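Remember, predicted model here, so these are calculated numbers, not experimental data.
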Amino acid sequence: MIASVLPTYSRAPLTFVKGEGSWLVEADGRRFLDLGAGIAVNALGHAHPALVKALTDQAGALWHTSNLYHIPAQQKLADLLVEHTFADTCFFTNSGTEACELAVKMVRKYFYDKGQPDRTEIITFSGSFHGRSSAGIAAAGSEKMTKGFGPLLPGFTHLEFGDHDALTAAASDKIAAIMVEPVQGEGGIRPLPDQCLKGLRDLCDEHGILLILDEVQCGVGRTGKLFAHEWAGIAPDIMMVAKGIGGGFPLGAVLATEDAASGMTAGTHGSTYGGNPLGCAVGCAVLEEIADDAFLAEVNRKAGLLRQKLEGLVAAHPDVFEAVRGSGLMLGLKCKATNTDIVNAGYTHGVITVPAADNVIRLLPALNITDDDIAKAVDLLDQTATVVAGHG
Ligand SMILES: *Cc1c(COP(=O)(O)O)cnc(C)c1O
């Protein structure tokens, strides 16, 4: 008999009932150090007082009105994002994959309005992840996500990640956009080097191609800049945001330049819940904490500390781990042992990590994790690796 919850996930045997900072409490009382943060969502940890206050204050005042009316929290969040980024305008969604849907629509409408209605092709890369909607799975294109779900949304050209020659050959005045994650998350914490991101920007400029960055996982302070592309000193035309921006409340956004967004006039797009008062109140509180030079400097300092300790961990367990990679507090341990075995062994030692493709485990802690918890985390991973090595 089918489970009452549609069984699309194979879940770990863990049921968390409470969260405090970087710690999760299981129903049986065990405490777990959370290095997954709900897959880079709980950017400020669990139950951050400023976020709890923003949510409960808004909940006591007004939950929902619809986008038929002005929404003060939405206006405030849009103003904050415009102030702190390349963007001139924002549309709010409830998830990353909805941001992908709008990014694709925005690109198509842009070229349609420019008198190039056939210019619809979007280049994407192997190992990418853009969510589970029809556009998201067609964009990523991997068999794992698309098999059985055809016919797929047309309009995507899939290239091998890192194949410069293929990219240069494919880029032309017929391509509408290039969509890429500055750091691949699901694909195994694979950062795009800064010079490649710069090269992509140049290639787009040369051919009039729009650059869409998917910063759903790597954005909102995760890499130590507010958005990861800032490290390369470039700006996209369109950017997808979600996960960390809501700090745990479902919230996403598409940010765009005035030019890229020029086709999206009244009536061309909408969402019942997108930009609702609750989500935007929390989003404002998240940004007020993270879009701050002192906060981001701390993220970079902590990232350096964690990375240094992880290098030691890898050196101490050469049969279990191969290398550390990633950017800021978006780190991956490339494994020699099977990544899911390490993640599962971590559960018995009270540490939560997240597997990714390419036999990697992801470490995506809260951006405000304490130095003590960083030391504790590496200690727990060390115990975990010792046990995994013993079994190997
Ligand atoms: C998680 C993720 C998405 C999809 O976001 P959802 O909120 O699950 O729809 C899209 N792109 C990237 C890079 C992601 O990590």
Worked verdict on Glu186 versus Gln217 for side-chain hydrogen bond (donor to acceptor under 3.5 Å, both in side chains): CA-CA 9 Å; Glu186 305 303 309; Gln217 195 160 151; 3.2 Å; yes
Ion pair Asp202/Lys198, N-O distance below 4.0 Å: no
Other cluster members, Ile71 - Ile/Leu/Val/Met/Phe/Trp/Tyr, side-chain contacts below 4.5 Å: none
Which of Leu306, Ile374, Leu364 passes side chain to side chain contact (heavy atoms under 4.5 Å, CB included) with Leu329? Answer is Leu306
Heavy-atom distance under 4.5 Å between the side chains of Leu363 and Leu381, does that happen here? yes
In Å, rounded to the nearest 0.5 Å, how long is the span from CG of Asn339 to OG1 of Thr353? 8.5 Å
Taking only residues at least two apart or on different chains, which pairs with a member in residues 314-334 satisfy side chain to side chain donor-acceptor pair (under 3.5 Å)? His317-Asp382, Arg325-Asp358, Lys334-Asp358
Between Ala140 and His130, the two heavy atoms sitting closest are N-CD2, 4.1 Å
Carboxylate-amine/guanidinium contact Asp371 Lys376, below 4.0 Å: no
Linked hydrophobic residues, Leu62 as query - side chain contacts closer than 4.5 Å: none
For residues 53-62, pull every pair meeting side chain to side chain donor-acceptor pair (under 3.5 Å), keeping only residues two or more places apart or in separate chains. Lys53-Asp57
Could you list the residues that satisfy salt bridge (charged side-chain N to carboxylate O under 4.0 Å, His left out) with Asp34, not counting sequence neighbours? none
Any side-chain heavy atom of Leu226 within less than 4.5 Å of one from Phe295? no
Under 4.5 Å between side-chain heavy atoms, chaining through other members, with only Ile, Leu, Val, Met, Phe, Trp and Tyr counted: pull out the rest of the cluster around Ile2, sorted by chain and number. Leu6
My understanding is that a hydrophobic cluster links ILVMFWY residues whose side chain heavy atoms are under 4.5 Å apart, including indirect links. Using that, what else belongs to the cluster containing Met179? Phe91, Leu102, Val104, Met106, Val107, Tyr110, Phe111, Ile122, Leu153, Phe156, Leu210, Ile212, Val216, Ile238, Met240, Val254, Met264
Going by the rule side chain to side chain contact (heavy atoms under 4.5 Å, CB included), which residues pair with Cys90 if we only count those two or more places apart in sequence or in a different chain? Ala78, Leu81, Val82, Phe92, Leu255
Note, Glu98 side chain near Ser133 side chain (heavy atom, < 4.5 Å): no
Which heavy atom of Ala281 sits nearest a heavy atom of Ala54, and at what distance? O-CB, 3.7 Å
Kindly state each residue pair satisfying side chain to side chain donor-acceptor pair (under 3.5 Å) with at least one member in residues 138-162, sequence neighbours excluded. Glu121-Thr157, Ser126-Glu160
Compare all side-chain heavy atoms of Leu213 with those of Glu181 and state whether any distance is below 4.5 angstrom. no
Can you name the closest pair of heavy atoms from Lys114 and Ser262 and give their distance? NZ-OG, 4.4 Å
The reported gap from OG1 in Thr168 to NE2 in His207 (rounded to nearest 0.5 angstrom) is 8.5 Å
To the nearest 0.5 Å, how far apart are CG in Leu33 and CG in Leu380? 6.0 Å
Pair listing, ring pair (Phe, Tyr, Trp, His ring centres under 6.0 Å) test, anchored in residues 19-63, at least two apart: Phe16-Phe32
Determine, for Glu26 against Lys18, whether the closest basic-nitrogen to carboxylate-oxygen distance falls under 4.0 angstrom. no
In the structure I gave you, are the side-chain heavy atoms of Glu288 and Lys76 within less than 4.5 Å of one another anywhere? yes
With a 4.5 Å cut-off on side-chain heavy atoms, are Pro355 and Val360 touching? no
Keeping to residues at least two apart or across chains, list the salt bridge (charged side-chain N to carboxylate O under 4.0 Å, His left out) pairs with something in residues 213-240. Arg201-Asp237
Quick check: do Leu35 and Ile369 have side-chain heavy atoms less than 4.5 Å from each other? yes
Does Ile290 reach the side chain of Leu367, with side-chain heavy atoms less than 4.5 Å apart? yes
Is there a side chain to side chain contact (heavy atoms under 4.5 Å, CB included) between Val183 and Leu192 once you walk through the steps? CA-CA 6 Å; Val183 184; Leu192 208 60; over 6 Å; no
With sequence neighbours excluded, what pairs up with Lys336 under the side chain to side chain donor-acceptor pair (under 3.5 Å) test? none
Dump the intermediate steps for side-chain hydrogen bond (donor to acceptor under 3.5 Å, both in side chains) on Asn368 and Glu289, then the final yes or no. CA-CA 10 Å; Asn368 56 359; Glu289 296 288 326; over 6 Å; no
Out of curiosity, Leu200 CG to His229 NE2, how far, rounded to the nearest 0.5 Å? 13.5 Å
